[in-house]
Chemist: 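Just dropping this structure here.
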Amino acid sequence: MIEWIQRRRGLIAGIIAAILFAMWASSQYEPRVLASILLSGLTLGALYFLVTSGLSLIFGLMDVLNFAHGTLFMIGAYIGFTLYANPRLLLNTLPFVLAFVAGWLLARWLPFSSLPAGHRRPLWVVAVLVGVFAVWGFELAPLATTALSSGGRVPTEQAQAPVGLFIARTLGLAIAGLIAGAAFIIGSEHARRPANRDLAWPIGLLALALIIAPLRLSAEGWILALDSNTRFLLALVAGAGGGAALGGLMEWSLIRPLYSRPIYQVLVTLGLVFVGTELVKGIWGPGGYFMELPAWFSRRGPSCPSPNLIAWLQDNCASIDVLGRPFPSYRIFIIALGIAMFIGIAVLLRYTRLGMIIRAGVQDGEMVQALGINVRRVFTLVFALGAGLAALGGVAAAPFLGISPGLGQEFQLQAFIAVVIGGMGSFTGAAIGALLVGLARAFGDQIVLTGIQLPWMSEAMTFSPSIARASTVLIMALVLLLRPAGLFGKKE
Amino acid sequence: MSDVLLEVDTIHTFIGQFHILEGVSLKVRTGSITALLGRNGAGKTTTLRSIMGLNPPRSGSIRLAGEPINGRPAYEIAQLGVGYVPEHRAIFRDLTVEENLRLAERKRGDLAKRSDFIMSLFPDLKRFYRHPGGKLSGGQQQMLAIARALVADNRLLLIDEPSEGLAPIIVEQIVAALRQMAAETTILLVEQNFAMAAQLADEYYILDDGRSVQHGRMADLVHDHATIDKYLGAG
Ligand SMILES: Nc1ncnc2c1ncn2[C@@H]1O[C@H](COP(=O)(O)OP(=O)(O)O)[C@@H](O)[C@H]1O
Ligand SMILES: [Mg+2]
């Protein structure tokens, strides 16, 4: 018994602290205030969770501390927002990316992929030249402007290039991709081995790029004519998908060559924070955007706020009554999204072969390799998965927090704190850590708002706003004192 | 020669800037148990890791059934039919016994096919099938580590010190199991417990200070006290 208590002293201390805190909080605040603080905390916790879960999985599996995770969150928000509010930007750039990738994949059919490795460098140079030539004079800014931007909105007919020119650029990028793909392949494994060459992918991608070209204008109208709920769901999918693709690309191109030099990896991810931020500023401008709520969460009217969740399914009010206080229904959605993702990942980890490989790899990646499993490919997948989750969080956060190039920074910091609290590499830890940080922020905000009044005080003690931010660091310090490896971290 | 399954030819392996193997050569015949002997720190583990592709040698060659495998990633070497039972077992502690075994499947149905054989060798594993690997005793973990290498169709098993830290009665069980396994596969066995190696192996190689220094038939080594004292004695 005593031994059991000693072994679980961290857990017991945690439970006692939670009970004491709950007693204090319920004496301090009325139930309805308490409920909305808790829900606010859960909302933040859900968003933090989407960032921490990937951060923690990536660290656990491949020992990479990805400083750019918050940047992926921010980029996800931008991609989702763009599809939601300004799809012409995507329609006028996506074909280029598709064509480049199609060319890259097509390179495996080229006879010159069996050239000696010495031809590599000149081919790279040619690829870059062709690529630059193909996009020479392409103007992004008029496409990116919206009614909110400083320049004002340019009509799409004027902002986008004529079809002929656009197709020429697309084909130019396909050729650049082809040459770059060949440069990548020659002298490597792929050229020597009979690759599993499937023509369907490159041809499909190129066809898609060419189909979009003449349809850009009508597709824009078509997307904008969709109801806001559908567009919102598409935005979530596009943001998450775009983030996952970027994450996979990032692992494959920048992280993978550096597994033997972990310090460089950290520096690369740190560098990507600045590159990503500048890139976003370059495309979307330095200012922020506000993403409108979809119809599901924005109705106002005499029957609002919805008396409960069931009624909200009918009336789609912007807020829901919680113990007599209105609470924004969109935040409930964020909480639900966080819970759904938690369950989804937990199921993936527990019941699928990929999940089994991840759990095993967190403990001993080398042994997983020795069993005949290509761990590197799993690394890329997990990196993409983590990036996709963060980007999904970014889209979900956009209507709630707004979108700006600084969005990633704040989340990155809080997510690190949450991961450290929960224990690096533990999925449950990431969830609990995110929840704690979210709740701490919410209580911190409330304390800043109203101060603290204890029975013996004549008037409330007030705090400066920085206490809300400091509170999470305080929790981290406390947890690390009790359990240096974090709440769920393995002692090693 | 076609009956040589594994041929290691003067490999040199570095860990960081340390030159650990300075010319190790050995041949393992198909269907045999070959013991790799030598003092602590002689380079036995590093040799197995070099073969497995976990510490690829910088020079020299390794052939599996005539095909060069050095320089290929570990997972490819494993897929060619090499099973690895590492020093200290490397059981996945958070995964159940079943999951540990399932992870070793290379095709769907591998485990189902081999399950009866594995469970007949190590009945304990059946009893703890759904327990986490970390909750097993040391002997059971060793059995699981060996079982894991039996799930897929492996033609060569690299086994590193299976008796380490185990009670004599467990060691006996493992010897019996290895003997049964040898009927079907080829084993390269690293073992400090000389009595155990002597019971099992057909041939031996001795490593000293990162070099192969002697090899021959195990039956001859048993009587060669001078060699045993020189290379295998304590210290
Ligand atoms: N990671 C490492 N870094 C530096 N030296 C190592 C490392 N691993 C092993 N060695 C050294 O390599 C030599 C051979 O080690 P090893 O192959 O484990 O020997 P054995 O298995 O025969 O006991 C030892 O001298 C050991 O100190
Ligand atoms: Mg050893």
Side-chain angles (χ1 to χ4, degrees), chain A residues 7 56-57 60-62 187-190 192-194 196 256-257 259-263 346-381 423-429 485 488-492, chain B residues 15-16 45 48-56 71-96 98-108 110-111 132-134 141 144-145 147-154 156-160:
Chain A
R7 215 156 8 104
S56 176
L57 276 179
L61 189 61
M62 35 203 134
S188 77
E189 296 275 301
H190 299 281
R192 266 181 277 122
R193 262 191 258 162
N196 52 335
R256 185 182 287 195
Y259 278 114
S260 51
R261 280 171 282 182
I263 304 286
V347 167
L348 173 90
L349 285 176
R350 178 93 5 228
Y351 296 108
T352 67
R353 182 166 171 87
L354 176 65
M356 206 159 77
I357 294 173
I358 295 172
R359 281 184 290 140
V362 166
Q363 196 196 322
D364 188 346
E366 198 170 65
M367 192 59 221
V368 176
Q369 282 244 60
L371 291 177
I373 294 161
N374 184 353
V375 169
R376 286 289 160 90
R377 214 164 53 197
V378 178
F379 283 8
T380 313
L381 254 167
M424 286 285 194
S426 155
F427 175 67
T428 320
F488 290 81
K490 302 267 144 56
K491 276 169 265 175
E492 270 187 65
Chain B
I15 299 180
T45 297
L48 294 194
R49 288 175 57 86
S50 292
I51 298 169
M52 201 60 225
L54 296 170
N55 282 132
R72 302 179 67 166
Y75 73 91
E76 282 189 14
I77 292 173
Q79 284 168 2
L80 290 172
V82 183
Y84 183 45
V85 182
E87 205 172 15
H88 314 308
R89 294 131 204 178
I91 286 302
F92 301 113
R93 309 178 63 83
D94 297 338
L95 273 60
T96 63
E98 177 182 8
E99 288 174 325
N100 267 281
L101 295 175
R102 222 167 255 302
L103 200 63
E105 281 189 318
R106 249 165 252 155
K107 315 187 281 296
R108 224 168 237 292
D110 273 352
L111 181 57
Q141 288 191 3
L144 179 54
R148 203 167 49 179
L150 295 177
V151 171
D153 247 331
N154 287 322
L156 173 67
L157 301 182
L158 309 175
I159 304 181
D160 202 345

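A, B, ... follow the sequence lines: proteins, then strands. Residue 1 opens every chain.
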Chemist: Any side-chain heavy atom of B:F92 within less than 4.5 Å of one from A:R359?
Modeler: no
Chemist: side-chain contact (heavy atoms from CB on, under 4.5 Å) with B:A104: which residues, sequence neighbours excluded?
Modeler: A:L371, B:R148, B:V151
Chemist: Specify the closest pair of heavy atoms between A:A370 and B:Y84, including all atoms of both residues, with the distance to one decimal.
Modeler: CB-CD2, 3.9 Å
Chemist: Got a sec, which pairs hit side chain to side chain donor-acceptor pair (under 3.5 Å) with one end in residues 368-380 of chain A, sequence neighbours left out?
Modeler: A:E251-A:T380, A:R256-A:T380, A:N374-B:Y75
Chemist: Drop me the distance from A:M356's CE to B:D94's CG, to the nearest 0.5 angstrom.
Modeler: 13.5 Å
Chemist: Under 3.5 Å, side chain of A:Q363 to main-chain N/O of B:A90, donor-acceptor pair present?
Modeler: no
Chemist: Considering only heavy atoms, which portion of A:V362 lies under 4.5 Å from any heavy atom of chain B: side chain, backbone, both, or neither?
Modeler: neither
Chemist: Do side-chain atoms of B:R102 reach the backbone of A:R353 as a donor and acceptor pair under 3.5 angstrom?
Modeler: no
Chemist: For the residue pair A:E366 and B:L54, what are the closest heavy atoms and their distance?
Modeler: CG-CD2, 3.3 Å
Chemist: What part of B:R49 gets within 4.5 angstrom of chain A, counting heavy atoms only: side chain, backbone, both, or neither?
Modeler: side chain
Chemist: For the atom pair CD (B:E99) and CZ (A:R350), what is the distance rounded to the nearest 0.5 Å?
Modeler: 6.0 Å
Chemist: From B:H88 NE2 over to A:M367 CE, what is the distance, rounded to the nearest 0.5 angstrom?
Modeler: 13.5 Å
